[in-house]
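What follows is a short report on a single structure.
By convention in this document, chain letters (A, B, ...) are assigned in the order of the sequence lines, proteins followed by strands, and residues within each chain are numbered from 1. When reading the values below, keep in mind they use all heavy atoms of this one structure, side chains included, and skip hydrogens, waters and symmetry mates.
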Amino acid sequence: MLAYIFRRFVYAIPILIGVNILTFILFFMVNTPDQMARVHLGDKHVTQDAIDNWKVQRGYDKPLFINAQQDATNMFTDTIFFEKSIKLLAFDFGKSDEGRNIMSDIKERMWPSLAVQIPTFVIGLLVNICFALLIVMFRASLFEITALTACVAMLSISSVFYIIGGQFFFAKLWNLVPISGYLSGMEAISFLILPIIIGVISGVGSGTRLYRTIFIEEASRDYMRTARAKGVSELSILFKHLLPNGMIPILTSVVVVIPTLFMGSLLIESFFGIPGLGSYTLDAIQAQDFAVVRCMVFLGACLYIVGLLLTDISYTLVDPRVKLS
Amino acid sequence: MISPVVLWSDILIFSLAVSVGLFIFQVRKKPQAKARWRSVFESKIGLTSFIIIVFYVLISLMDSVHFREQLSQFEADGPDQNLAYSSEVKSILDIALKNLNSTTETTYSSPFSLYSFSKENMTNDDGSVYRDFIRLKHGGAHIQGDEERFSDILIKSVQALLIGLLIAAIPVMLHVMMRKKSNHEEDYIPWNVAYGTIITLISLATWVIILSQYYHILGTDKVGQDVLYQSIKSIRTGVLIGTLATLVTLPFAIILGISAGYFKGWIDDTVQFIYTTLSSIPGILLIAASVLLIDVYIETNPEKFNLTILRSDFKFIALCAILGLTSWTTLCRMLRAETLKVSQLDYVQAAHAFGVSHRGVIGKHILPNVTHIILIAVVLDFSAFVLAEAVLSYIGVGVDPNMYSWGNMINAARSELSRDPTVWWSVTSAFILMFTLVLAANLFSDEVRNAFDPRTAKGNE
């Protein structure tokens, strides 16, 4: 097991390097630092001095790959590629284009993100599984048709509309919760309720449908028929046989998203003014702060790879037939 | 006199329409595929949603024929001068919606309203200033006041619906007669449902066209432009982003996926590496980063885009390409897995033994056996991209702000909703039009999946 995990980490390295090179090409080779500076300084008639100054301040004035003016190892380390790209691999995120320390920003902003994402994920999972079980329980009835139609309708609505609608009705019309904002500590709860509810609701359509297909597939297995033939009651079939066995594919399919919860939700955080990593990313995109975007890309990739690894491990934990090799 | 303006997206959408036509022509010749498609159209939901999608596509095709009108002669200095064309690019759809586009108010007004939404300063005849709601220039200008409004709308609606029914009746009647004459093929399509949908759509369109000559059916926005016009113009953006982005995903997914599953070895390793790397980057960040780069490119090369519409069109196509380039990995993974399975089958081994070339095996044996996966993914991707546009435009990395799109409308609606009383019509109309299209696409994709997926296909149960 440990050997397997170690090997998977070794496999992850080329992927992370690939991500790194891709972002490097996108941010430094397709677009030269000169162009970035020009966009940042905003004016069409910026002087070359101003551009050079901007680049020096942010360390973009170095050569891309090889610095001919330095000697020995410094030839390779005193370059943009090393400073901005290779250092990411050691989780040294450096400073944003605005001059703030990215790592400390991330540490500070991860808590609000997690406060929204974890309850949304857990409640959403429970709600979706309950709905899916209900639909499977009342199979081939009017309820199933209605529920499935409602699911399709719900997943045809853009998540933006859920947020706008939720804010409008819950916060503005009925004054139940504040529209947006955030406070630390226990006072945060009143600000968190609506984002969590909306996050759950907007995922119900697709989640319920997916879990329903999993349960239906499980329901057609032989052991289900045997249980019915033995005379086991419908309820006990549902909860003793279908639910535990159906949970295996469901859990293994959701494990991959658990690490990425950390990144926060771009839309929900920005609409509700929650100072998490999602709105941090969004602000960086809108302010064209390439340094932050680059770090978030790298962080997201790392978390995704961790998610893949967790998925593999969870397979072996729940299903003894799967051997990691 | 007009001068045609051909945008790249116009060329793409029309060539796409032609190739879909060719595809349908091909399918008619293959009995197996035909039977599958038949079961899609046998279902009422499949047929209805298909007609709705076609309706949307027709509108966007109409909106994809662009031209510029020549400016009136006296504006130019003399007859020898080069012909001057207006910088405003119009499409055929604009002619049909002429009234909507040409009549603007000064600011917000609610649907069917006669007066502006907020009070404004006005001067009396004697020079004193007072605040009141302004009477709209266009909305309900033909009637006296509010008391006449309701009956007028009712009468006009009934008239419009009757005309619509008459117009819709002609093609339906013709088709019914045609069916009566040629009774040779057994009918499997629920035609009554099709007639019902077509009649509803045509009547609705007529109602909109007629009523919009007198009122702003969905109100006006901040600068007084008709909201209905904006939402109809957004149809082209939505449909195009769905189709073009899907189109971009296909070559990557098909070529890489099948060759990975078929050739295995280092090709498989490379393809797996590429798609794991791509999918490990959060999609929205990759899209945002690429769009920012496009922005920088446009800003540093302004001379290449002399018309605003050219610039927004370039950005639009780039956005479609980026969306496609970042989302082919799922389909590629599925195709690889399926090809791995299919290439182990006996008839593929037999084909190898007979010395059939790789190209022959892939083209004759592998590709036809994975088509259902491609087809299902195409329809699913379409609705996903339409939804993605709204989110991207909100984040600020979507289509150009000059372009009509549902995402841009929603983005503008944020500040409108916080006003008091609320300006709700803009976001509602974007919601309705977008929801209809995505719902139709989702329902259609369900039917396609039911018909083509071997696990659910009706014949295999």
Side-chain angles (χ1 to χ4, degrees), chain A residues 11-12 14-19 21-23 26-27 30-31 34-36 38-39 44 148-149 152-153 155-161 163-165 167-168 172-173 179 205 213 217 260 263 266-267 270-271 281-282 284-286 288 290 293-294 296-305 307-308, chain B residues 45 272-274 276-297 299-300 302 383 386-391 393-397 406-407 410-411 413-414 417-418 420 422 424 427-428 430-431 434-443 445-446 455-456:
Chain A
Y11 281 142
I15 292 174
L16 284 181
I17 293 176
V19 170
I21 291 175
L22 188 71
T23 44
L26 273 179
F27 286 104
V30 178
N31 276 64
D34 270 37
Q35 285 169 327
M36 275 180 350
R38 222 172 268 277
V39 171
K44 284 221 166 101
L148 284 181
T149 320
V152 182
L155 68 93
S156 306
I157 299 174
S158 168
S159 46
V160 184
F161 287 118
I163 300 175
I164 292 180
Q167 273 190 329
F168 181 68
K172 193 166 178 218
L173 220 55
I179 288 189
T213 35
E217 211 161 280
T260 47
M263 298 283 288
L266 256 60
L267 279 184
S270 85
F271 265 98
T281 317
L282 192 58
I285 292 173
Q286 280 163 352
Q288 309 206 332
F290 292 112
V293 176
R294 232 170 28 236
M296 296 313 280
V297 165
F298 181 75
L299 195 62
C302 292
L303 293 168
Y304 178 79
I305 289 167
L308 287 183
Chain B
I45 292 178
Q272 279 197 60
F273 172 73
I274 295 175
T276 321
T277 309
L278 256 186
S279 55
S280 69
I281 301 176
I284 214 154
L285 281 180
L286 194 57
I287 295 167
S290 317
V291 171
L292 287 183
L293 300 178
I294 299 289
D295 279 345
V296 173
Y297 177 79
E299 256 173 75
T300 42
S383 55
V386 176
L387 288 179
E389 188 272 327
V391 174
S393 295
Y394 167 71
I395 294 177
V397 293
W406 293 315
I410 297 167
N411 200 4
R414 269 196 96 187
L417 282 174
S418 56
D420 207 36
T422 323
W424 49 268
V427 67
T428 316
F431 170 75
M434 198 170 155
F435 178 65
T436 317
L437 177 63
V438 177
L439 184 64
N442 276 336
L443 289 173
S445 85
D446 272 6
R455 280 179 301 180
T456 57

* Asked: CD1/I45(B) to OG1/T149(A) distance, rounded to the nearest 0.5 angstrom?
  -> 6.5 Å
* Asked: Which one of A284(A), G307(A), S270(A) has the most heavy-atom pairs closer than 4.5 Å to chain B?
  -> S270(A)
* To do: State whether the number of non-hydrogen atoms from other residues, nucleotides or ligands found under 6.0 Å of L148(A) atom CG is greater than 12.
  => yes
* **Residues in side chain to side chain contact (heavy atoms under 4.5 Å, CB included) contact with F435(B), at least two apart in sequence or another chain** => A153(A), S156(A), I157(A), F431(B), L439(B)
* With a 4.5 angstrom heavy-atom cut-off, which part of V391(B) approaches chain A: side chain, backbone, both or neither? -> both
* To do: Using distance alone, with no hydrogens and no angle criterion, decide if S393(B) and E389(B) have a side-chain donor and acceptor under 3.5 Å apart.
  => yes
* Part of F271(A) within contact of chain B (heavy atom distance under 4.5 Å) -> both
* **Atom group of S383(B) that falls short of 4.5 Å from chain A, counting heavy atoms** => neither
* To do: Using non-hydrogen atoms and a 4.5 Å limit, figure out which bit of V297(A) sits close to chain B: side chain, backbone, both or neither.
  => both
* Below 4.5 Å, heavy atoms only, C-beta onward: do I284(B) and V397(B) meet side chain to side chain? -> no
* **Portion of L282(A) that has a non-hydrogen atom of chain B nearer than 4.5 angstrom** => side chain
* Asked: With only heavy atoms counted, which part of L266(A) is less than 4.5 Å from chain B, the side chain, the backbone, both or neither?
  -> side chain
* Asked: Which atoms of V291(B) come close to chain A, meaning under 4.5 Å heavy atom to heavy atom: side chain ones, backbone ones, both, or neither?
  -> neither
* Structure fact -> Residue set satisfying side chain to side chain contact (heavy atoms under 4.5 Å, CB included) with L155(A), at least two apart, ordered chain then number -> S206(A), R209(A), N442(B)
* Asked: Is it the side chain or the backbone of S159(A) that comes within 4.5 Å of chain B heavy atoms, both, or neither?
  -> side chain
